[in-house]
2 protein chains.
Amino acid sequence: MSEQEPTPPPEALGRRGRGRPRATRRRDQILDAALAEFAESGFQGASLAAVARRVGLSQQGLLHHFPGKEALLIAVLARRDEVDVRELDGLGETAALTGLAERNTRRPEVVRLHTLLTAEGLTGDHPASAYVRDRYARVRDRLAHTLRAEHGDRLPSGATPDQAAALLTAAMDGLQLQWLYDPDSVDMPDLVGLLTDVLRGAPPDPAPH
Amino acid sequence: MSEQEPTPPPEALGRRGRGRPRATRRRDQILDAALAEFAESGFQGASLAAVARRVGLSQQGLLHHFPGKEALLIAVLARRDEVDVRELDGLGETAALTGLAERNTRRPEVVRLHTLLTAEGLTGDHPASAYVRDRYARVRDRLAHTLRAEHGDRLPSGATPDQAAALLTAAMDGLQLQWLYDPDSVDMPDLVGLLTDVLRGAPPDPAPH
DNA sequence: GTCTATAATGAGATAGAC
DNA sequence: GTCTATCTCATTATAGAC
């Protein structure tokens with residue numbers, strides 16, 4: 001995590017001029033490939049050679065840029081982290097959750113990555129464990145905070161903000177699983193919206209859809 | 001699946017008398033060990049040697065009873081399947097879902113197995129894919145059927161039986177994930193009950209707990 | 001039925017040439 | 001920066017002795 005430098009200070013980059021340094025380009029290419037590969041096969045299931053192939057490198061060529069497989073995953077997650085934090089901060093209102101579900105529908109790769117790593121993180125000393133645990137804490141916290149701001153200590157449905165946060169988080173994860181298995185089986189934004197409404201005690205829409 | 005013989009015909013077992021044949025004993029011991037190991041490390045992460053160690057066998061001794069790792073998983077799932085079907089059939093009323101959540105709290109091993117395999121099943125040609133896909137179809141179907149029997153084509157909350165079934169299934173899966181990461185973070189039966197109530201449009205309990 | 005010995009593979013990682 | 005060659009290790013699986 002200490003090697004995460006969104007915009008490294010110029011002096012630390014040596015004599016590189018304006019624009020993205022080539023090395024960083026390559027680095028990003030590799031991270032893209034790694035994300036794709038991890039999303040497809042999980043961390044354990046992915047091989048460095050497969051990642052390397054995606055960028056047209058040999059396995060050893062890849063290892064010039066990252067010290068090892070685990071470091072590669074850490075780097076992928078560090079990059080995801082920035083986006084993640086932004087997205088969570090965007091959840092200032094419960095309506096934004098539907099928007100997130102909508103966006104997710106357009107990026108199955110990211111959804112797969114998170115879903116696979118969340119499960120893998122349960123096993124032994126998986127490198128993603130801390131990331132996932134942290135993420136859960138943040139998501140639920142952020143959601144509960146928003147709900148409390150909107151409804152106080154109890155929602156019209158009777159649920160507490162904490163309960164609602166756990167349920168909404170659970171529904172997101174569970175719906176993603178069903179959706180990944182069969183995208184036509186569930187309408188994620190629709191169902192997240194429905195759950196949000198129901199938890200907020202909204203009256204049933206007489207003619208939905 | 002064709003090698004699954006819950007109670008093999010006596011004549012096929014040679015000259016063994018009453019009681020469980022020794023071979024079946026061993027088989028069950030191995031399946032127990034395999035379930036435990038798969039639940040701990042997932043299918044990919046588990047090694048045959050680790051399973052064998054749990055029953056006090058060498059890896060090769062184990063392979064005398066099952067032709068390979070994949071066959072071992074299939075056998076574990078086939079045995080789970082019987083229990084699974086019974087449990088799903090037990091969901092004749094939505095209240096039973098809370099009971100299932102309650103029971104799950106007392107068997108983290110089974111919950112882990114299902115959670116890990118559900119995610120792993122997304123990757124490539126995982127041997128559990130079919131099992132999981134099938135399971136989802138059955139669960140949602142069974143739930144939707146129950147809900148329709150109880151409420152007709154629309155629940156008081158406004159959700160259709162299909163929507164509610166997807167949401168309840170998702171919540172179960174998602175809550176299990178959070179619970180496995182931190183058992184104290186969520187009260188599964190409580191939250192499942194809450195979601196059920198809310199979807200059924202039950203009035204908020206003025207003083208819950 | 002269980003073991004020892006032993007392939008056969010596949011993966012992560014290192015050393016050093018270009 | 002990227003490659004070839006190589007090492008090491010874990011794992012699945014087979015062959016055959018007891």
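Because only heavy atoms are used, hydrogens play no part in the values below, and waters and symmetry mates are left out as well, while side chains stay in. Everything numeric here is computed off the predicted structure, so don't read it as measured data. Just so it is clear: chains get the letters A, B, ... in the order the sequence lines come, proteins before strands, and each one is counted from 1.
By the side-chain contact (heavy atoms from CB on, under 4.5 Å) test, B/Arg140 pairs with A/Gln178, A/Ser185, A/Val186, B/Ala166, B/Thr169, sequence neighbours left out.
Residues in residues 34-60 of chain B take part in these salt bridge (Lys or Arg N to Asp or Glu O under 4.0 Å) pairs, two or more places apart or across chains: B/Glu37-B/Arg54, B/Glu40-B/Arg54. Counting only residues at least two apart or in different chains, salt bridge (Lys or Arg N to Asp or Glu O under 4.0 Å) contacts with residues 127-138 of chain A comprise A/Asp81-A/Arg138, A/Asp84-A/Arg135, A/Asp134-A/Arg138. Note on residues 157-181 of chain A: pairs passing ring pair (Phe, Tyr, Trp, His ring centres under 6.0 Å), not counting sequence neighbours, are A/Tyr181-B/Tyr136. Sorted by first and then second residue, the side chain to side chain donor-acceptor pair (under 3.5 Å) pairs involving residues 109-118 of chain A (not counting sequence neighbours) are A/His114-A/Tyr131.
In this structure, the CD atom of B/Gln29 is 13 Å from the P atom of C/dG1, given to the nearest Å. Going from atom CG of B/Leu72 over to atom C1' of D/dT12 covers 13 Å, rounded to whole Å. As a whole-Å value, the separation of A/Lys69 NZ from C/dA11 P is 9 Å. One atom, CD of B/Glu70, and another, C1' of D/dA13, lie 14 Å apart when rounded to the nearest Å. In this structure, B/His64 places its NE2 atom 16 Å from P of C/dT4, rounding to the nearest Å. Taking atom CG of A/Leu73 as the reference point, atom P of C/dG12 lies 12 Å away to the nearest angstrom. Rounded to a whole Å, the CZ atom of B/Phe43 is 11 Å from the C1' atom of D/dT12. Put simply, CZ on A/Phe66 is 14 Å from C1' on D/dG1, counting in whole angstrom units.
Between A/His65 and D/dT2 there is a side-chain polar atom (N or O) within less than 4.0 angstrom of OP1 or OP2.
Residues B/Phe43 and B/Pro127 come closest through the heavy atom pair CE2-CG, 3.6 Å.
Heavy-atom distances under 4.0 Å link DNA chain C to A/Ala46, A/Ser47, A/Leu48, A/Gln59, A/Gln60 of residues 44-62 of chain A, given in residue order.
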